[in-house]
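Order of the sequence lines fixes the chain letters, A, B, ..., with proteins taken first and strands second; residue numbering starts at 1 for each chain. All values below were derived from every heavy atom in this structure, side-chain atoms included, with hydrogens, water molecules and symmetry-related copies excluded.
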Amino acid sequence: MIGCELTWADSAGIIVETEAYAAIGDEAAHTFLRPSARRFVAERPAGSLYVYLNYGMHWLLNFLVSGTGARGFVLVRALQPTKGIDLMRTRRGLSAERSLCSGPGKLTQALAIDGSVHGKDVFALPYARLNATLCAAAVETDLRVGITKSAELEWRFLLKGSPYLSIPKKETRPRAS
DNA sequence: GATGCGATTCAC
DNA sequence: TGAATCGCATCA
């Protein structure tokens, strides 16, 4: 999904950062502890939006996805704003384009996404659209952010070199001698 | 019912 | 570094 443009009503952005959460065996995923999340995976089609309130204040946007034999969620963590940027500035209460969508809670605020769309099929929403814009996006992986369980998995995906990431890739720089 | 804990963000 | 703030799971 890195490099795809997410259009949401009046605003849009290119997805530059995501994280994967597996429905089975991933201790950091909601499915690991929550029956409601497991039911969601079992009952809904791929493309369903899983939107939940984090820390009591931030809406986080996930897509239910289906792979070869495995299902799970893709958390959208950062966008490069492309449309409705002034609208985003108003919703975010700041002007720096770099900061409008550089975090999972920031981008939902910028796009005005909240729990009212939880469970909806993104392909059935008239005002939502997901389309590829980059044919050969350079994708890097990194450890997931803010995770304590199953923390060793490199399931964060980044558009290489993008200035719109929530956090830059943790570099394994060669030790100075 | 009470308690604890986050897939975060922002100000100090 | 800490506060804001709420849904869900767990336990009494």
Peer 1: Is A:Glu140 paired with A:Lys169 through a side-chain N to carboxylate O contact shorter than 4.0 Å?
Peer 2: no
Peer 1: Closest nucleotide of DNA chain B for A:Leu107 versus for A:Lys149: which of these residues is on the 5' side?
Peer 2: A:Lys149
Peer 1: In terms of side-chain heavy atoms of A:Thr148, which of B:dT9, C:dA9, B:dG6 is nearest?
Peer 2: B:dG6
Peer 1: Quick one: is A:Lys106 getting a side-chain N or O under 4.0 Å of the B:dC10 phosphate, OP1 or OP2?
Peer 2: yes
Peer 1: Whole angstrom is fine here: how far is it from CE in A:Met57 over to P in B:dA7?
Peer 2: 15 Å
Peer 1: Should A:Arg77 be listed as having a side-chain N or O under 4.0 Å from OP1 or OP2 of B:dT8?
Peer 2: yes
Peer 1: Could you check how far CD of A:Glu27 sits from P of B:dG6, rounded to whole Å?
Peer 2: 12 Å
Peer 1: With a non-hydrogen cut-off below 4.0 angstrom, is A:Leu75 in contact with a base, only sugar-phosphate, or nothing?
Peer 2: base
Peer 1: Less than 4.5 Å apart, side chain to side chain, heavy atoms only: is that true for A:Tyr50 and A:Leu75?
Peer 2: no
Peer 1: Expressed as a whole number of angstroms, how long is the span from A:Leu60:CG to C:dC8:C1'?
Peer 2: 15 Å
Peer 1: Figure out the OH/C1' separation between A:Tyr21 and B:dG6, and round it to whole Å.
Peer 2: 11 Å
Peer 1: Do NZ/NE/NH1/NH2 and the carboxylate oxygens of A:Asp26 and A:Arg144 come within less than 4.0 Å?
Peer 2: yes
Peer 1: Choose from B:dC10, B:dA7, C:dA9 the nucleotide whose nearest atom is closest to any side-chain atom of A:Pro35.
Peer 2: C:dA9
Peer 1: Expressed as a whole number of angstroms, how long is the span from A:Asn54:CG to C:dC8:P?
Peer 2: 13 Å
Peer 1: Mark yes when over 12 heavy atoms from residues, nucleotides or ligands other than A:Ile24 sit less than 6.0 Å from its CD1; otherwise mark no.
Peer 2: no
Peer 1: Among A:Arg92, A:Met88, A:Lys106, whose side-chain contact (heavy atoms from CB on, under 4.5 Å) with A:Cys101 holds?
Peer 2: A:Met88
Peer 1: Would you kindly give the CG-to-C1' distance between A:Asp142 and B:dA7, to the nearest whole Å?
Peer 2: 15 Å
Peer 1: Any side-chain N or O of A:Arg34 under 4.0 Å from OP1/OP2 of C:dG7?
Peer 2: no
Peer 1: Please pick, from B:dA7, B:dC10, B:dT8, the nucleotide with the shortest atom-to-atom distance to any side-chain atom of A:His30.
Peer 2: B:dA7
Peer 1: Starting from P on C:dG2, measure out to OH on A:Tyr55 and report it in whole angstrom.
Peer 2: 15 Å
Peer 1: Under 5.5 Å centre to centre and under 30° between planes: does that hold for A:Tyr52 and the six-membered base ring of C:dG7?
Peer 2: no
Peer 1: Taking only the P atom of each, what is the distance from C:dA12 to B:dC5 in whole angstrom?
Peer 2: 15 Å
Peer 1: For nucleotides C:dT5 and B:dC12, find the distance between their P atoms and express it as a whole number of Å.
Peer 2: 15 Å
Peer 1: Strictly below 4.0 Å, N to O, side chains only: are A:Lys83 and A:Glu5 in salt-bridge contact?
Peer 2: yes
Peer 1: How many whole angstroms separate atom CG of A:Leu33 from atom P of B:dC5?
Peer 2: 13 Å
Peer 1: In the strands shown, is B:dG6 matched to any nucleotide by a Watson-Crick or G-U wobble pair with both distances under 3.5 Å, and which?
Peer 2: C:dC6
Peer 1: Need one value for A:Arg92: base, sugar-phosphate or nothing, where a base atom within 4.0 Å counts as base even if backbone is also close, heavy atoms only.
Peer 2: sugar-phosphate
